[in-house]
Structures are given as structure tokens and as C-alpha cells.
Amino acid sequence: TARFNDLVSVDDLINKNRDQVAAIIVEPVAGNMGCVLPAGGFLQGLRKLSDEHGIVLIFDEVMTGFRLSPGGAQELYQVKPDLTTLGKIIGGGMPVGAYGGSRKIMEYVSPSGPVYQAGTLSGNPMAMHAGYVVLQYLQKNPSIYDALHQKSTAICTGIKENLEKLSLDYTINQAGSMFTLFFNGNPVENFDDARKSDLKSFGKYFNIMLGQGIYLAPSQFEALFVSNSVEQYEIDRIVDASLFALKEVVE
């Protein structure tokens, strides 16, 4: 496993395993160590290394696909992978997943090619119709992305102001409608950074927020996702609850 945002570590692994690396798989914006954004040039560097060594570049856009932009993180950061994986967003939240990529690769998949792929829920009519409706809605209402970003930014700004009031230097990472409050005074750019967070304090914060009716992801290493159904009233509630919870944690 290479380090996120560390091209040198990726290059070293490729060179130590020359001609043995089939693919580089990455969340273009990490969500499974908390929300961690790609550093400038990181994704572009992965694309360059993949091209140089004949390696397939795979973006895991299960979290970021149709969330950060209509074309996911790859559209936002202008880096085209060879393959993309998508989760239940492709079915409007129904249990389904999908993958896709270049014609050269996809022609290896049956019935065009020798790689057989099938599953119980493959092409499930209900999931496909739900996904079709959701994707149509997103296509017809592109302003939803600006609205989501504004609502998420309002929550993050409110929490940052709470941190300033309490003289806390915790870190907030945000990408569109994804964000994480790290109980960590230093920048979080990879999993090693994230693991330095104060997990005990996070646990207290989670439970105090839950007690106020705000259900957060129950791990420091999970990103939060803002829904467009959130209105100003909920934003105010979240920010106020956060101030109370942070005060309790500090005390």
C-alpha cells in the first residue's frame, strides 16, 4: 500500500515490483480515512506514472461519483482514469454498483471478450430505473452542486468559528459536500496524519452530538456527507450542537 498524496512512495513501490503491478487503485478524494483532498499534482502524477509503466489507473468514485460534480472527482480535477468504480448512487441509492472505462479495456468483458462478469443484482430493473431518474434530475438541475457546496461550507464555517471561540486548533477538510472534523491540530494529508487524531475526544464528541439529535458518522475515519434536503434550520442546529459538544469535550 502506497501513501496517499506521496508520489515518491508510489514510484518506489512500482520500481520495487517492476512488471508486477497491474493497477493503481485510489479514491481521488479519500473518504475512508476521513475526508482527505489530493495535493496539487498528486492525481496528475498518478496518471503520468501509470502511462509510463503501462499500469491501469482506477478511480474509486463510490463516494465522489455524482457528488463532487456531475463527472465526479475526475471531472473536478481534470484527470481521466482508465477505469472508474461507482456505488449505489448509480442506482439512486438502491443496492447496485458499476464500473466502466476505456473501450480498449471494456471490450475484454463478456460478451465482447473473455472476462465473465455477472451478479444477482446486475441490471436490476428497479435499481436501474431509480438511478435513471436521479441522474436525469441531476442533469436537469446542475445548480444542486452549488447549493450543496454552500450548505456544506456554512456548516464547516460555523464549526471553524466554534473552534476559534474555544481556542481549539482542530482541522477541517472539505471537498464540496464532503467534510471531516479531525481532532488533530496538524494538517491531515494521509492516513498516518489522520491516525494522530485524538480518538478519545472524537468519541466523546460523537456521543454528545448524538445526545442532541445529531447523528454523525461514528468514526474519526469516515467522511460526512451533506444532503441537499438540509435547510438553514438544520445547519444552525448542527453548528449550535457542535459548540456545546466541543465545550463538553474540552471540559
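Side-chain atoms of Asn5 come within 3.5 Å of backbone N or O of Ala39 as a donor-acceptor pair. Proximity of a side-chain donor or acceptor of Thr171 to a complementary backbone N or O of Asn186 within less than 3.5 Å is detected. Without hydrogens or angle criteria, Ser9 side chain to Asp6 main chain gives a donor-acceptor distance under 3.5 Å. Gln212 places a side-chain N or O within 3.5 Å of a backbone atom of Ala241 that can act as its donor or acceptor partner. The closest donor-acceptor contact from the side chain of Lys151 to the backbone of Asn228 lies under 3.5 Å. Side-chain atoms of Asn124 come within 3.5 Å of backbone N or O of Ala127 as a donor-acceptor pair. Not a single donor-acceptor pair under 3.5 Å links the side chain of Ser197 to the backbone N or O of Leu199. Using a distance-only test at 3.5 Å, with no hydrogens or angles considered, a donor-acceptor pair links the side chain of Tyr145 to the main chain of Phe66. The main-chain N or O of Leu7 is never found under 3.5 Å from a side-chain atom of Asp11 such that the two would form a donor-acceptor pair. Gln78 contributes a side-chain N or O that, together with a main-chain N or O of Glu75, makes up a donor-acceptor pair within less than 3.5 Å.
A salt bridge between Arg47 and Asp82 is present, with a side-chain N of the basic residue lying under 4.0 Å from a carboxylate O of the acidic one. Look at Glu52 and Lys48 and you find a salt bridge, because one of the NZ, NE, NH1 or NH2 atoms lies within 4.0 Å of a carboxylate O, short of that distance. Taking a cutoff of 4.0 Å between a charged side-chain nitrogen and a carboxylate oxygen, Asp240 and Arg237 do not qualify as a salt bridge.
Summarising the geometry of Gln117 relative to Tyr99, their closest heavy-atom pair is CG-OH, 3.4 Å, with the distance given to 0.1 Å. Of all heavy-atom pairs spanning Ala223 and Thr180, the tightest one is CA-OG1, 3.4 Å. Between Ile55 and Ile14, the shortest heavy-atom contact is CD1-CD1, 3.9 Å. Looking at every heavy atom in both residues, Val188 comes nearest to Asp193 through CA-CB, 3.7 Å. Between Glu61 and Ala73, the shortest heavy-atom contact is OE1-N, 2.8 Å. Taking each heavy atom of Leu224 and Ala217 in turn, the nearest pair found is CD2-N, 3.4 Å.
Asn162 contributes atom CG, which lies 11.0 Å from atom OG1 of Thr157 (distance to the nearest 0.5 angstrom). Atom CG in Leu83 sits 11.5 Å away from atom CZ in Phe59 (nearest 0.5 Å). Of the inter-residue distances, the one linking Ser69 atom OG with Leu148 atom CG reads 12.0 Å to the nearest 0.5 angstrom. Note: Leu168 CG to Lys160 NZ = 14.5 Å, rounded to the nearest 0.5 Å. Expressed to the nearest 0.5 Å, how far OG of Ser219 lies from CZ of Phe202 amounts to 6.0 Å. For the atom pair Phe182 CZ and Arg195 CZ, the distance stands at 13.0 Å (nearest 0.5 Å).
Contact check for Leu243 versus Leu166: side-chain heavy atoms found under the 4.5 Å cut-off. The shortest distance between side-chain heavy atoms of Leu163 and Leu181 falls below 4.5 Å. Contact annotation: the side chain of Arg67 never approaches that of Thr64 to less than 4.5 Å [non-hydrogen atoms, C-beta and beyond].
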*Apply the test side chain to side chain contact (heavy atoms under 4.5 Å, CB included) to residues Met63 and Glu27: give CA-CA distance (whole Å), side-chain angles for both, the deciding distance (0.1 Å), then the verdict.*
CA-CA 8 Å; Met63 291 188 183; Glu27 287 183 301; 3.9 Å; yes
*Decide side chain to side chain contact (heavy atoms under 4.5 Å, CB included) for Leu46 and Val10; before the verdict, give the C-alpha distance in whole Å, the side-chain angles of both, and the deciding distance to 0.1 Å.*
CA-CA 8 Å; Leu46 294 181; Val10 181; 3.9 Å; yes
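Ile159 and Val249 fall within the same hydrophobic cluster, where Ile, Leu, Val, Met, Phe, Trp and Tyr residues are linked whenever their side-chain heavy atoms come under 4.5 Å apart, directly or through other members. Both Phe244 and Tyr215 sit in one connected hydrophobic cluster of ILVMFWY residues. Membership requires side-chain heavy atoms under 4.5 Å apart, directly or through other members. In terms of hydrophobic clustering, with Ile, Leu, Val, Met, Phe, Trp and Tyr side chains grouped at heavy-atom distances under 4.5 Å, Val62 and Leu138 are assigned to different clusters. Hydrophobic clustering (ILVMFWY, side-chain heavy atoms < 4.5 Å, transitive): Ile155 and Met178 are in distinct clusters. Val29 and Phe179 fall into different hydrophobic clusters, where Ile, Leu, Val, Met, Phe, Trp and Tyr residues are linked whenever their side-chain heavy atoms come under 4.5 Å apart, directly or through other members.
For Asp19, the CG atom sits in a loose shell: 12 or fewer heavy atoms of surrounding residues, nucleotides or ligands are nearer than 6.0 Å. For His129, the NE2 atom counts as loosely surrounded, since its 6.0 Å shell holds 12 or fewer non-hydrogen atoms of other residues, nucleotides or ligands. By the 6.0 Å contact criterion, CE on Met106 is enclosed, its count of non-hydrogen atoms from other residues, nucleotides or ligands being greater than 12. Environment of CD in Glu107: crowded, with over 12 heavy atoms of neighbouring residues, nucleotides or ligands closer than 6.0 Å.
A donor-acceptor pair shorter than 3.5 Å cannot be found between the side chains of Gln174 and Ser152. Checked by atom type, the side-chain pair Gln232/Asp236 shows a donor-acceptor distance below 3.5 Å.
Taking the ring centroids of Phe191 and Phe4, they lie at or beyond the 6.0 Å cut-off.
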